[in-house]
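Notes follow the structure.
Atoms within a ligand are numbered from 1 in the order they appear, just like the ligands themselves. Nothing fancy with the numbering, it's 1 onward along the sequence.
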Amino acid sequence: MNESLAIHGGKPIRQKSFPKERKVGEDELAELREVIGSAWLFRFGGKKVEAFERAFAEKHGVRFGIACTSGTAAIHLAIGALQLNPGDEVITAPITDIGSVTPILKEGGIPLFADVDPETGNMDPENTERLISGRTKAILVVHLAGNPCDMDAFVDLAKRYGLILIEDCAQAHQAEYKGKLVGTIGDIGCFSLQQSKHITTGDGGICITDNEELATKMALFMDKGWERGAMTPHRRYLMLGLNYRMNEITGAVALAQMKRLDWVTSERHRKGTMLNELISECKYVKPQKVLQGCKAVYWHYELLIQRNAPFTADEFARALSAEGIPCWAHYIGKPIFLCHEAIQRQKVFGDSRFPFDHASREVKYDETTCPNAQDYLNRLIVLPLHEFLSDDDISDMAKAIIKVERGLSH
Ligand SMILES: Cc1ncc(COP(=O)(O)O)c(C=O)c1O
């Protein structure tokens with residue numbers, strides 16, 4: 001006898017609310033007290049931002065960390081360091097935040113979107129290779145929801161075509177690909193410290209690299225391009241940078257957050273893996289696939305409705321919510337270029353067509369550009385998953401998923 005679904009008047013699996021995330025506390029206060037006590041809030045001349053940069057770089061086993069004001073700023077530092085010519089191309093992911101895309105356009109580059117693997121939602125290397133041209137300067141991979149991309153294939157592409165490989169790790173702190181931390185496999189790793197991320201300063205970001213030339217350029221771009229400290233008769237600006245400097249208050253919180261990083265990411269990995277196992281009997285709903293040898297860190301939990309399922313993602317999400325499990329369907333809804341009208345129309349600088357008037361070929365952003373990405377989003381359900389959930393909470397999530405699949409399959 002099947003239990004009646006809550007959406008049909010049955011008893012919900014979960015009747016109490018889930019624990020909330022609480023991401024800051026005494027460690028952050030202690031670091032902040034020191035900064036306020038010093039009365040010095042500016043990163044140059046202060047200690048906290050530099051200490052955070054060092055700690056973050058060391059944690060990743062690389063030489064350079066450049067802190068900044070957001071994940072979008074981190075991507076902008078990386079793209080700024082490329083010193084693109086107008087119309088140069090950067091290949092990136094269709095399922096991402098707009099912060100992966102805007103910096104490419106702001107630097108006069110043209111974003112091209114590689115379609116995704118149908119089971120991981122991550123950029124597909126073969127699709128990426130098909131987009132490479134003489135104008136391609138970089139590949140910007142995005143580790144979606146904390147799930148590493150197929151990095152061997154992307155490293156191979158970058159080497160064969162002489163491209164810079166940038167990793168957008170905004171959602172993927174401490175995720176691993178074959179034993180290597182994401183962000184250290186390509187030339188540059190970019191991280192966000194926005195409120196929802198594994199560690200947070202409310203807003204913030206950081207880039208890491210082992211490449212001294214790129215590190216120097218990113219540090220300049222972060223600080224208006226100013227050759228700070230040079231004893232020249234007049235100020236010299238070496239590139240057209242912006243002010244993306246992290247301040248000491250943010251740096252203090254970031255430094256304290258480093259203490260939480262291992263716990264947060266290992267708990268998310270453990271809980272995500274546990275949920276995968278608990279729902280392995282499901283036929284019509286499957287977790288986002290994690291490639292062999294990878295450690296995913298579950299920024300959120302992605303569940304995919306299989307194509308032969310007798311229900312839609314919207315129907316499943318409604319029924320699962322009624323069981324007391326927070327979730328929503330479709331994440332960003334459409335590939336990112338279809339979420340932004342000006343980008344889709346290729347009118348991003350006033351009435352001009354810049355940088356598309358410098359393109360070496362026709363660029364199209366429409367429904368046919370990334371069909372797999374649209375199909376993935378159509379079938380996607382997102383569940384919040386975080387370090388404060390107990391094993392019993394995860395078990396309730398699994399029970400509800402199994403119950404809803406059964407209940408909707410008749
Ligand atoms: C994949 C990805 N890239 C970039 C960003 C931009 O980060 P921020 O919001 O810190 O600017 C985000 C933020 O959600 C993201 O998820």
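Residue T72 touches ligand 1 through backbone and side chain together, judged by heavy-atom distances below 4.0 Å.
A salt bridge links E53 and R43; the closest N-O separation between the charged side-chain nitrogens and carboxylate oxygens is under 4.0 Å. Using a 4.0 Å cut-off between charged side-chain N and carboxylate O, E281 and R406 make a salt bridge. Using a cut-off of 4.0 Å between Lys/Arg side-chain N and Asp/Glu carboxylate O, R318 and D314 are scored as not salt-bridged.
Protein heavy atom nearest atom 7 (O) of ligand 1, with residue, atom name and distance: G71 CA, 3.4 Å. In terms of protein heavy-atom proximity, atom 16 (O) of ligand 1 is closest to Q171 NE2, 2.8 Å. Looking only at heavy atoms of the protein, atom 4 (C) of ligand 1 is closest to D168 OD2, 3.5 Å. Of the protein's non-hydrogen atoms, K197 NZ, 2.8 Å is the one closest to atom 14 (O) of ligand 1. Given atom 12 (C) of ligand 1, the protein heavy atom at minimum distance is D97 CB, 3.4 Å.
Residues I206 and C68 form no side-chain contact, since every pair of their non-hydrogen atoms from C-beta on lies 4.5 Å or further apart. Counting heavy atoms from C-beta outward, F316 and C327 have side chains that stay 4.5 Å or more apart.
Distances below 4.0 Å separate heavy atoms of S192 from the following atoms of ligand 1: 7 (O), 8 (P), 10 (O). In the vicinity of Q194, heavy-atom distances shorter than 4.0 Å reach the ligand 1 atoms 10 (O). Short contacts between ligand 1 and V142, defined as distances under 4.0 Å to a heavy atom of the residue, involve ligand atoms 1 (C).
In the displayed structure, K334 atom NZ is contacted under 6.0 Å by at most 12 heavy atoms of other residues, nucleotides or ligands. The neighbour count for W40 CH2, taken as heavy atoms of other residues, nucleotides or ligands under 6.0 Å away, does not exceed 12.
Around atom 1 (C) of ligand 1, the closest heavy atom drawn from L144, T96, D203 belongs to T96.
For H330 and Y376, the ring centers sit 6.0 Å or farther from each other.
Using a 4.0 angstrom heavy-atom cutoff, S100 counts as in contact with ligand 1.
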